[in-house]
Amino acid sequence: MSIQLQDDLAHIDRILEEVKNSSLDFLSQLNELPTYAADQQTDPDTLAANGLGTQGSLALFQRKYRKLMVASPGPRYWGFVTGGATPASIAGDWLTTVFDQNTQGTKGAGDISAIVEKETIRLLSQLLNLPEEFNGGFVTGATMSNFTGLAVGRQWAGKKLGIDISRTGMSSEIIVMAATPHSSVIKSLSMLGFGSGNLFKINVLPGREAMDIADLEAKLMASNDKPVIVNCSAGTVNTVDFDDIAAIVALKKKYDFWLHIDAAFGGFAACSPAHSHLLAGWEQADSITIDCHKWMNVPYDSAVIFVRKQHDRLQVETFQNTNAPYLGDPSENFSYLNFLPENSRRFRALPAWFGLVAYGKSGYQWIIENSIARANELGHYITGSGTFELAAPVRLNVVIFRLRDADRTTAFLDRLNKSGNVFMTPTTLDGKSCVRAAFVNYRTNANDIVIAAREMEAAYDFVLNR
């Protein structure tokens with residue numbers, strides 16, 4: 001054993017204490033830490049023959065790279081729908097690394113941590129008011145969750161054509177329909193062999209991102225009995241618009257299609273009695289995407305795919321390891337290896353389990369409703385401003401706006417983000433440049449809206465007078 005590794009093992013307590021102190025230093029200052037790294041310069045290193053040991057490496061990281069770590073888990077980082085990390089989920093994530101389980105099966109002589117994952121899925125289903133008709137599992141993010149749901153839908157569609165796509169390959173006879181799909185859905189179509197350019201676009205309602213149900217039915221009628229997968233949005237990325245799930249479910253009874261609901265963060269509206277109606281009927285879906293590192297406030301990377309239990313065989317056909325006899329018969333021994341894309345699986349369920357058990361239904365209801373309240377506060381400020389205007393109504397937890405002097409929107413956002421006090425992202429709506437602020441972090445409070453308004457006015461004054 002190398003001297004450095006031997007020394008690290010002998011002083012693991014000291015190492016973890018230093019890591020704990022470094023973590024506490026970051027977390028205790030999070031409200032004031034910058035959301036923008038002003039100094040982004042680093043010099044390349046050469047790998048040494050003899051290492052520095054963990055404590056030496058930590059010291060080097062602090063000197064060289066700590067400056068690059070922005071306050072993305074903080075209260076005013078409103079880009080990309082980035083959640084924070086609750087104390088419970090941090091505890092679970094730390095232990096996930098310590099335990100280092102490759103979460104696969106629920107019984108046997110080896111790793112059986114999937115027992116905890118199954119229980120976490122059961123608790124998450126209860127939080128989201130989903131029935132026990134669904135199985136679920138953790139994947140890396142919404143992209144892989146959408147990929148998985150669409151992959152099982154592809155296998156279902158193949159069976160409608162009399163083919164086993166998992167064995168014989170893709171068919172061009174399958175139709176995928178959506179109105180305003182997330183970019184990860186388009187990426188999934190590319191990875192699954194549909195082709196990212198082969199989406200059948202459904203018209204949207206006037207002034208909305210939500211699906212025009214009449215146009216959906218017209219396109220279903222015109223599909224010439226080809227198998228159809230309908231991708232439904234439960235919270236579009238720009239305006240958090242919801243497709244009319246209940247109406248789509250009603251069409252599902254007339255036309256036999258696979259319904260995949262991308263509810264990456266909008267699914268957590270189920271936690272709020274005032275907003276759960278947005279998801280009416282979603283329990284009739286075939287597959288559902290939920291992103292935990294967004295509104296559930298667990299660390300990256302963490303998402304869940306729910307698939308109806310009646311499709312278990314299709315799911316196994318899609319993901320089973322057919323040429324690995326040491327993994328056993330997937331029909332006899334449950335393993336996530338045969339239900340989800342990854343063979344190597346981090347114990348992602350543990351941070352979510354800690355959060356669910358620590359905060360319960362009332363805790364997550366508060367997180368969801370706090371975010372919605374903060375979004376509405378920013379929306380009210382913008383509405384009353386002579387400088388800014390809403391580009392769409394504040395429907396849930398995302399605010400999309402632009403400058404009334406539209407040509408200055410890009411310069412304004414660049415200046416705002418470089419202030420380091422608040423972070424938002426650029427986007428477009430109806431072909432016009434806009435600014436987007438997404439609220440999912442449990443730390444965000446009313447004072448953060450006051451700070452953001454002050455910074456917005458300062459950024460506008462700068463671009464106006466430069």
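These values consider heavy atoms only, across backbone and side chains, with no hydrogens, waters or symmetry-generated copies. Worth saying up front: this structure is predicted, and the values here are computed from it rather than measured. Residues: numbered from 1 along the sequence shown.
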For this session: Spell out, as yes or no, whether a donor-acceptor pair under 3.5 Å connects the side chain of Q101 to the backbone of F99.
Result: yes
Exercise. Judged by modelled atom types alone, do T86 and S89 share a side-chain donor-acceptor pair under 3.5 Å?
Worked result: yes
For this session: Return yes if some donor-acceptor pair links the side-chain N/O of T289 with the main-chain N/O of D262 below 3.5 Å, else return no.
Result: no
Exercise. More than 12 heavy atoms of other residues, nucleotides or ligands under 6.0 Å from CZ of F200: is that the case?
Worked result: no
Exercise. Any side-chain heavy atom of N441 within less than 4.5 Å of one from Y77?
Worked result: no
Problem set entry | Closest heavy-atom pair and its distance - A88, F354 | O-CB, 3.3 Å
Problem set entry | pair L396-F439: side-chain heavy atoms closer than 4.5 Å | no
Problem set entry | Exam field: side chain Q365 to backbone S272, donor-acceptor pair closer than 3.5 Å | no
Exercise. Going from CG on L199 to OG on S190, what distance comes out if it is rounded to the nearest 0.5 angstrom?
Worked result: 12.5 Å
For this session: Measure across S433 and T409 and return the closest heavy-atom pair with its distance rounded to 0.1 Å.
Result: O-CG2, 4.0 Å
Problem set entry | Side chain to side chain, D461 and M456, heavy atoms closer than 4.5 Å | no
For this session: Determine, stepwise, if the pair Q155 / D164 fulfils side chain to side chain donor-acceptor pair (under 3.5 Å).
Result: CA-CA 7 Å; Q155 186 70 0; D164 183 344; 2.7 Å; yes
For this session: For the pair W156 and W258, name the ring-plane relationship: parallel under 30°, tilted 30 to 60°, perpendicular over 60°.
Result: tilted
For this session: Assess whether side chain to side chain donor-acceptor pair (under 3.5 Å) is satisfied between S113 and T103, documenting all intermediate values.
Result: CA-CA 5 Å; S113 58; T103 305; 2.9 Å; yes
Exercise. What do you reckon, is CZ of R415 surrounded by more than 12 foreign heavy atoms closer than 6.0 Å?
Worked result: no
Problem set entry | Positive for side chain to side chain contact (heavy atoms under 4.5 Å, CB included) with E342, one of T148, L337, T140 | T140
Exercise. Is the side chain of R408 donor-acceptor paired with the backbone N or O of V463 at a distance under 3.5 Å, no angle test?
Worked result: yes
For this session: Return yes if some donor-acceptor pair links the side-chain N/O of R154 with the main-chain N/O of G149 below 3.5 Å, else return no.
Result: no
For this session: Test F388 against I382 for side-chain contact (heavy atoms from CB on, under 4.5 Å), laying out the working first.
Result: CA-CA 6 Å; F388 310 102; I382 290 169; 3.9 Å; yes
For this session: Indicate whether the side chain of D7 and that of H11 have a donor and an acceptor atom separated by less than 3.5 Å.
Result: yes
Exercise. From H293 NE2 over to T82 OG1, what is the distance, rounded to the nearest 0.5 angstrom?
Worked result: 8.0 Å
Exercise. If you measure from the Lys or Arg side-chain nitrogens to the Asp or Glu carboxylate oxygens, is any gap between E117 and R345 under 4.0 Å?
Worked result: yes
Problem set entry | Any side-chain heavy-atom pair of Y359 and P87 under 4.5 Å | yes
Exercise. Do other residues, nucleotides or ligands put more than 12 heavy atoms under 6.0 Å from K64 NZ?
Worked result: yes
For this session: Check whether NZ of the Lys or CZ of the Arg K118 lies under 6.0 Å from the centre of the six-membered ring of F334 and within 45 degrees of that ring's axis.
Result: yes
Problem set entry | Short side-chain donor-acceptor distance under 3.5 Å, S22 and Q62 | yes
Exercise. Between atom CE of M144 and atom OG of S188, what is the distance when rounded to the nearest 0.5 Å?
Worked result: 7.5 Å
Problem set entry | Y364 versus E369, side-chain donor and acceptor atoms under 3.5 Å | no
Exercise. Got a donor-acceptor contact below 3.5 angstrom from the N338 side chain to the V316 backbone?
Worked result: no
For this session: Using distance alone, with no hydrogens and no angle criterion, decide if T427 and N238 have a side-chain donor and acceptor under 3.5 Å apart.
Result: yes
Exercise. Is there a donor-acceptor contact under 3.5 Å from the side chain of S419 to the main chain of N421?
Worked result: yes
For this session: Would you tell me whether D286 and H311 have side-chain atoms, one donor and one acceptor, within less than 3.5 Å of each other?
Result: yes
For this session: Look only at the side chain of Q4 and the backbone of G51, and say whether a donor-acceptor pair between them is shorter than 3.5 Å.
Result: yes
Problem set entry | Distance (rounded to the nearest 0.5 Å) between W295 CH2 and F265 CZ | 7.5 Å
For this session: Mind running salt bridge (charged side-chain N to carboxylate O under 4.0 Å, His left out) on R14 and E17 for me, showing each step along the way?
Result: CA-CA 5 Å; R14 187 186 306 167; E17 185 68 21; over 6 Å; no
Exercise. Hey, are D301 and R348 close enough for a salt bridge, meaning a charged N less than 4.0 Å from a carboxylate O?
Worked result: yes
Exercise. Under a 4.5 Å cut-off applied to non-hydrogen side-chain atoms, are T35 and N417 in contact?
Worked result: no
Exercise. If you measure from CE on M296 to CG on L356, what distance do you get to the nearest 0.5 Å?
Worked result: 3.5 Å
Problem set entry | Between N146 and H260: side-chain donor-acceptor atoms closer than 3.5 Å | yes
Exercise. So, does D241 use its side chain to make a donor-acceptor pair with the main chain of T236 at under 3.5 Å?
Worked result: no
Exercise. Going by heavy atoms in the side chains, are D448 and R374 under 4.5 Å from each other?
Worked result: no
Problem set entry | Residue pair T239 / P393, side-chain heavy-atom distance below 4.5 Å | no
Problem set entry | Note, V435 side chain near I400 side chain (heavy atom, < 4.5 Å) | no
Seminar exercise, completed: Taken to the nearest 0.5 Å, the spacing of I449 CD1 from N376 CG works out to 10.0 Å
For this session: For side-chain contact (heavy atoms from CB on, under 4.5 Å), just list the numbers for T97 and F347, CA-CA rounded to whole Å, side-chain angles, deciding distance to a tenth of an Å, and then say yes or no.
Result: CA-CA 8 Å; T97 299; F347 192 13; over 6 Å; no
Exercise. Thinking salt bridges, do D93 and R346 make one under a 4.0 Å N-O criterion?
Worked result: yes
Problem set entry | Backbone of L68 reached by a side-chain donor or acceptor of Q40 within 3.5 Å | no
Exercise. What are the two closest non-hydrogen atoms of G137 and Y336, and how far apart are they?
Worked result: CA-CE2, 3.6 Å
Exercise. Is the number of heavy atoms from other residues, nucleotides or ligands under 6.0 Å of I12 CD1 greater than 12?
Worked result: yes
For this session: Kindly say whether the aromatic ring centers of W78 and F423 come within a distance under 6.0 Å.
Result: no
